[in-house]
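Quick notes on the structure that follows.
Letters go in sequence order (proteins before strands), and every chain restarts at 1. Only a predicted model underlies this, so the values are computations on that prediction, with no experimental measurement involved.
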There are 2 protein chains.
Amino acid sequence: MDVPLLADQKCSECPIRHRAVCARCDSDELVQLDAMKYYRTYEVGQTITWAGDEMGFVGSVVRGVATLSNTLEDGRTQMVGLLLPSDFVGRPGRSTSPYDITAVSEVTLCCFRRGPFERLMATTPHIGERLLDMTLDELDAAREWMLVLGRKTAREKIASLLTIIARREAAIGMLPVTGEVTVTLPLTREAMADYLGLTLETVSRQISALKRDGVIRLEGQRRIVVPDIHALIAEAGDDVDGGMIA
Amino acid sequence: MDVPLLADQKCSECPIRHRAVCARCDSDELVQLDAMKYYRTYEVGQTITWAGDEMGFVGSVVRGVATLSNTLEDGRTQMVGLLLPSDFVGRPGRSTSPYDITAVSEVTLCCFRRGPFERLMATTPHIGERLLDMTLDELDAAREWMLVLGRKTAREKIASLLTIIARREAAIGMLPVTGEVTVTLPLTREAMADYLGLTLETVSRQISALKRDGVIRLEGQRRIVVPDIHALIAEAGDDVDGGMIA
DNA sequence: CGTATAATTGATTCCCCTCAAACCCAGTGG
DNA sequence: CCACTGGGTTTGAGGGGAATCAATTATACG
């Protein structure tokens, strides 16, 4: 790994310090969090928690990508969330997750035991306020995704996913996103299909079609080069772009 | 109308007192809310706000049903939320809604001007806490709906919608839901289609099919009788029922 | 009764799923 | 060095479920 060991990292030097649930905490509050936090790391493919299982902690994704997904009895699964660095895991006041949570790359979580965290929340409005904002953002994202799932064609779905990942990579890395963009897919074709409500074959076919039409180029199978981000956004069929991408 | 006029209703006697954003407020806080609240009523079909427009207030649905929906340039629309009594409208800290909000029945809102409400939130943790809980519940509901949109067949989608409405009516009315249940649809076929990511023709066909198969009966076109709620739940294809229905 | 809106039903088309085979590539071990 | 493996991916052939286009029927309302 080319990242420093996180075992003893101070909150003040944390890479997600200004975006995570602790973003608005002052230095006193940070000291308290610092004292109660601990890190956990998950391998590629490892399950962080199964739907319905007890989860003794909540926390933030520090590094890596995890997914939330729902499954029907007969095995059909739908991904309902993509957790990137700074996203919050778990729900205060509830000890189980209604979703399977899975690491799709190596993931590091900054964890807090549920009880102490809830007690801290009760006395530290900054945390609850930040969590409310983050939750409202996630709700907006979930609702935007409902439009993708319910009304978009397979081609538009693929373009939407690539656009979203480009946006989020831009937001995290603070990179200006204009002209030629390279997106590194954190997901397999199957995971993309589960996110988009498609089959993996259809995902593969549509990616090939976008490549054939010159909208994207592939470098290996996880790197996608987008020569003109606006052409991709147009393929997504959205009304107006969200403003994150110039 | 068979409901009393709400113009001067006291919060303490409000029908949604114990479920809305004000649920945890003590009597002092309630006095403050009482002083700043005002009611607005919308006709059937009236738009409460267009996506992107300024909205000077937030509030709670007191009576009636409203919908949140997203629309693409070419007119495809996807409903992303159903607002029933006690649901919150608007977002603190943001002056526009990303969705169209429409009254599908006559709707009464209990409104608060944005500024005063946000100031009250800053000093009254009970409100923010309740709003966080409500938002987390809505996020769960949105994610559950993503599974419906992404992975269920048309027939399962219809059954899922009927199940959800039955659940929510039960929760609001505090009625025990067992055996034969009657669901009053607040939505037209087209609105159902927009919620389910289908066309109105497919909605109609699947309702006819469920009727033909004895899973439901129609009384008029808005009342649906479910002889055996468990048979309907089975049609929805869900893994395990949510526990609200015995 | 006549009009408008909502709902049902039918005929046909097409997009995506299903089933199936081949391919690519990295890792492993003979 | 190369065959062997296995996961991930691509591509093909065919079928099915929902969309589309179109007509008819019900319901509400003046």
- Glu190(B), CD atom: more than 12 neighbouring heavy atoms under 6.0 Å: no

- For residues 203-215 of chain A, the side-chain hydrogen bond (donor to acceptor under 3.5 Å, both in side chains) pairs (sequence neighbours left out) are Arg155(A)-Asp213(A)

- Starting at atom CZ of Arg222(A), determine the distance to atom C1' of dG7(D), rounded to an integer number of angstrom. 11 Å

- Spacing between Arg76(B) atom CZ and dT20(D) atom C1', to the nearest angstrom: 14 Å

- Query: Does the pair Thr202(A) and Thr199(A) meet the rule for a side-chain hydrogen bond (donor to acceptor under 3.5 Å, both in side chains), with working shown?
  - Reply: CA-CA 5 Å; Thr202(A) 297; Thr199(A) 60; 3.0 Å; yes

- Message: Can you measure Leu198(B) atom CG to dA7(C) atom C1' for me and round it to whole angstrom units?
- Response: 16 Å

- Looking at residues 189-197 of chain A, who's got a heavy atom less than 4.0 Å off DNA chain D? Arg189(A)

- Between Tyr38(A) and Phe57(A), how do the two ring planes meet: parallel, tilted or perpendicular, split at 30° and 60°? perpendicular

- Item | Pairwise distance CE(Met134(A)) to OG(Ser86(A)) - rounded to 0.5 angstrom | 5.5 Å

- Message: Just to verify, what does Thr184(A) make a side-chain hydrogen bond (donor to acceptor under 3.5 Å, both in side chains) with, not counting sequence neighbours?
- Response: Arg223(A)

- For Lys152(B) and dG17(D), give me the distance from atom NZ to atom P, rounded to whole Å. 18 Å

- Of all residues at least two apart in sequence or in a different chain, which pass the side-chain hydrogen bond (donor to acceptor under 3.5 Å, both in side chains) check with Thr47(B)? none

Polar atoms only, N or O, under 3.5 Å: list the protein pairs with nucleotides 27-29 of chain D and their distances.
none

- Message: Quick check on side-chain contact (heavy atoms from CB on, under 4.5 Å): which of Ile207(B), Ile229(B), Ile216(B) does Leu162(B) satisfy it with?
- Response: Ile216(B)

- Residues touching DNA chain D, which here means a heavy atom under 4.0 Å, drawn from residues 199-212 of chain A: Leu200(A), Glu201(A), Ser204(A), Arg205(A), Ser208(A)

- Query: Just how far is it from atom CH2 of Trp145(B) to atom CG of Leu82(B), taken to the nearest 0.5 Å?
  - Reply: 9.0 Å

- Please report, rounded to the nearest Å, how far the P atom of dC25(C) is from the CG atom of Leu218(A). 12 Å

- What's the spacing between Leu147(A) CG and Asp238(A) CG if we round to 0.5 Å? 7.0 Å

- Query: Salt bridge between Arg151(A) and Asp74(B), side-chain N to carboxylate O under 4.0 Å?
  - Reply: no

